[in-house]
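Below, chains carry the letters A, B, ... as their sequence lines are ordered, and counting in each starts from 1.
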Number of protein chains: 2
Amino acid sequence: MKPRTRNGQDLLTPAAVVDRALMLADAEGLGAVTIRRLAHELDVTPMALYWHFASKEELLDAMADGLLTEMLAIAGPVETVPAGPWRQQLAALLDAQCTVLRAHPSVAPLVWTRNNLSDAALRLTERMLAVLRRAGFSPTDATRIARRAARMTTALVAVRAQFVDGDGDPDRVRDRLSALPIDEFPRVVEAAVALSGCDGPDEHYGLELVLAGIEAEAARLTPFSEPNPPPTPDRAPPQP
Amino acid sequence: MKPRTRNGQDLLTPAAVVDRALMLADAEGLGAVTIRRLAHELDVTPMALYWHFASKEELLDAMADGLLTEMLAIAGPVETVPAGPWRQQLAALLDAQCTVLRAHPSVAPLVWTRNNLSDAALRLTERMLAVLRRAGFSPTDATRIARRAARMTTALVAVRAQFVDGDGDPDRVRDRLSALPIDEFPRVVEAAVALSGCDGPDEHYGLELVLAGIEAEAARLTPFSEPNPPPTPDRAPPQP
DNA sequence: CGGTCCTCCCGTACGCTGTACAGGTATGAA
DNA sequence: TTCATACCTGTACAGCGTACGGGAGGACCG
């Protein structure tokens with residue numbers, strides 16, 4: 001329970017390092033997460049971190065995994081499926097994902113880009129697949145949809161995060177757009193206001209768009225509509 | 001026409017630098033694009049590049065712009081709209097985007113993350129907005145949809161690109177997935193094969209999913225269905 | 001023809017990065 | 001008490017982006 005100490009100083013733990021790294025990333029962007037900087041914040045020599053993580057890459061993996069764990073905590077255990085229609089369950093899962101990602105936007109680019117076989121990642125995929133399988137998708141279809149959905153949500157937040165990073169001035173852009181030759185760029189000039197402003201924080205980052213796409217794919221794949229179509233396994237479980 | 005020379009040596013041009021940088025990124029990943037490395041490839045001192053680009057950031061911008069220009073070339077000039085249904089026009093635009101991005105996967109993360117006001121970027125948005133406006137969307141709706149669509153496609157390719165980078169072994173993953181406790185991860189074990197393999201190159205990176213989502217949004221926004229609903233401007237053109 | 005300016009590039013140097021390698025020191029076991 | 005192990009420090013190195021100053025060559029003007 002209580003952290004082991006040495007010389008009266010608390011010992012460094014990987015979890016503490018990851019926590020601090022996440023704080024740092026949230027506060028000053030992923031670029032501020034530096035071995036030296038992180039070590040300084042933890043009152044420790046840079047090389048001390050290399051006892052717990054083999055490389056910075058591994059540390060980044062751990063950070064990504066931290067987010068996955070948060071998502072899992074929000075989504076709740078596997079048994080806690082609200083038993084509603086599958087679209088709703090799926091929406092809840094993706095929403096949890098978006099919530100966590102939006103809380104740590106600058107870490108988002110890390111999350112589903114590394115193929116994580118960690119416990120949290122596996123449990124999340126398990127949940128996702130469970131929902132989709134129960135909706136009647138075959139394992140391969142469920143996999144494809146799950147993968148795409150996960151990637152889309154993270155991708156949306158990630159792109160947005162990097163975007164905000166390199167963003168320029170707020171309405172300087174609008175002025176430049178409005179000043180364009182109207183005969184060459186009529187639509188751009190017309191939409192200068194909308195184009196220059198970033199979309200409000202209430203927007204779901206296109207989550208509903210992703211969901212709509214999935215529903216459309218669902219309709220295409222399983223013509224029988226809603227309540228519990230028979231599962232259609234297209235591939236036997238892995239050979240023994 | 002012929003490049004200016006000095007001392008018999010061809011002068012360095014920004015375009016040449018960008019070309020070389022793109023080659024380098026395609027061949028060895030974005031991480032290999034280094035001022036020093038690039039300069040070496042161009043038989044020039046690192047600081048020579050800083051005459052043509054104020055910073056590396058600016059060079060990356062130029063690289064992104066290179067891709068946008070390629071897209072524009074594929075999509076053709078604005079007048080070349082095939083006059084089919086708008087979904088088809090939109091699909092063609094997004095498809096061009098995907099084609100170029102897939103040709104330079106490691107550069108993809110750069111493309112729509114920086115808010116580019118370059119000529120190519122503007123012309124592309126103009127085309128996109130034109131299609132959507134003609135489909136009956138209001139300027140703000142068209143902007144929102146265009147932005148999301150662009151981000152999604154790039155995001156999909158970008159995530160995939162970074163993913164391939166850090167990828168591990170091909171079927172080592174499958175074995176690990178199959179070996180999971182089946183009572184805890186039944187769905188994962190069941191879909192081990194599908195999960196371990198990356199989706200084939202023929203897949204459109206979820207492009208059709210994005211399109212389906214947009215169509216759904218379209219149906220929600222403009223209840224009158226297809227042929228040329230009246231344009232519904234929701235905001236006057238910029239004040240004089 | 002000589003001088004002057006501007007364009008384009010080189011050399012050096014600084015502070016930053018990740019991290020290899022060797023050396024220490026406190027702790028728990030024997 | 002002795003020793004192995006776990007954890008951390010110190011030093012050093014190659015590579016990064018880039019600030020600053022200088023210098024060679026063509027262009028232009030007298």
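Across all strands shown, B:Ala48 has heavy atoms under 4.0 Å from sugar-phosphate atoms exclusively, and none from any base.
Scanning all heavy atoms of the two residues, the minimum distance from A:Pro186 to B:Glu126 falls at CD-OE2, 3.1 Å. Smallest separation of non-hydrogen atoms from A:Leu59 and A:Phe53: CA-CD2, 3.8 Å. Across all their heavy atoms, A:Arg147 and B:Ala194 have their closest contact at NH2-O, 3.2 Å. Considering every non-hydrogen atom in both A:Val33 and A:Lys56, the closest pair reads O-NZ, 2.9 Å.
To the nearest 0.5 angstrom, B:Leu94 atom CG is 6.0 Å from B:Ile214 atom CD1. The CG atom of B:Asp141 sits 11.5 Å away from atom CG of B:Leu129, with the distance rounded to the nearest 0.5 Å. Rounding to the nearest 0.5 angstrom, the gap separating the CG atom in A:Asp95 from the CD1 atom in A:Ile74 is 8.5 Å.
Side-chain contact check for A:Glu58 and A:His52: no donor-acceptor pair (N or O, by modelled atom type) lies under 3.5 Å.
Atom pair B:Leu11:CG and D:dA27:C1' shows a separation of 14 Å (rounding to whole Å applied). Distance, B:Leu38 CG to D:dG15 C1': 16 Å, rounded to whole Å. Remark: P of D:dT18 and CZ of B:Arg37 are 18 Å apart, rounded to the nearest angstrom. Rounding to whole angstrom units, CG of residue A:Leu12 and P of D:dC7 are separated by 10 Å.
Less than 4.0 Å separates DNA chain D from at least one heavy atom of each of the following residues of residues 49-59 of chain B: B:Tyr50, B:Ser55, B:Lys56. Taking a 4.0 Å limit (strictly below) on heavy-atom distances, residues 15-24 of chain B does not reach DNA chain D anywhere.
Listed by chain and number, the residues in a side chain to side chain contact (heavy atoms under 4.5 Å, CB included) with A:Asp19 amount to none (sequence neighbours excluded).
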What's the verdict on side chain to side chain contact (heavy atoms under 4.5 Å, CB included) for B:Leu12 and B:Leu49, showing C-alpha distance, side-chain angles and the deciding distance? CA-CA 8 Å; B:Leu12 204 59; B:Leu49 301 184; 3.9 Å; yes
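Of the candidates B:Val193, B:Leu195, B:Val188, B:Leu195 is the only one forming a side-chain contact (heavy atoms from CB on, under 4.5 Å) with A:Thr143.
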Between protein and nucleotides 11-16 of chain C, what N or O pairs are separated by less than 3.5 Å?
none

Which donor-acceptor pairs under 3.5 Å do side chains of residues 62-69 of chain A form with protein atoms, sequence neighbours excluded?
unit_1	atom_1	unit_2	atom_2	d
A:Asp65	OD1	A:Ser118	OG	2.2
A:Thr69	OG1	A:Asp65	O	2.8

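Within a 6.0 Å sphere centred on CD1 of B:Ile182, heavy atoms belonging to other residues, nucleotides or ligands number 12 at most.
Helix-axis bend for the helix from C:dC1-D:dG30 to C:dA30-D:dT1: the local axis fitted to the five terminal pairs at one end deviates from that at the other end by 10°, rounded to 10°.
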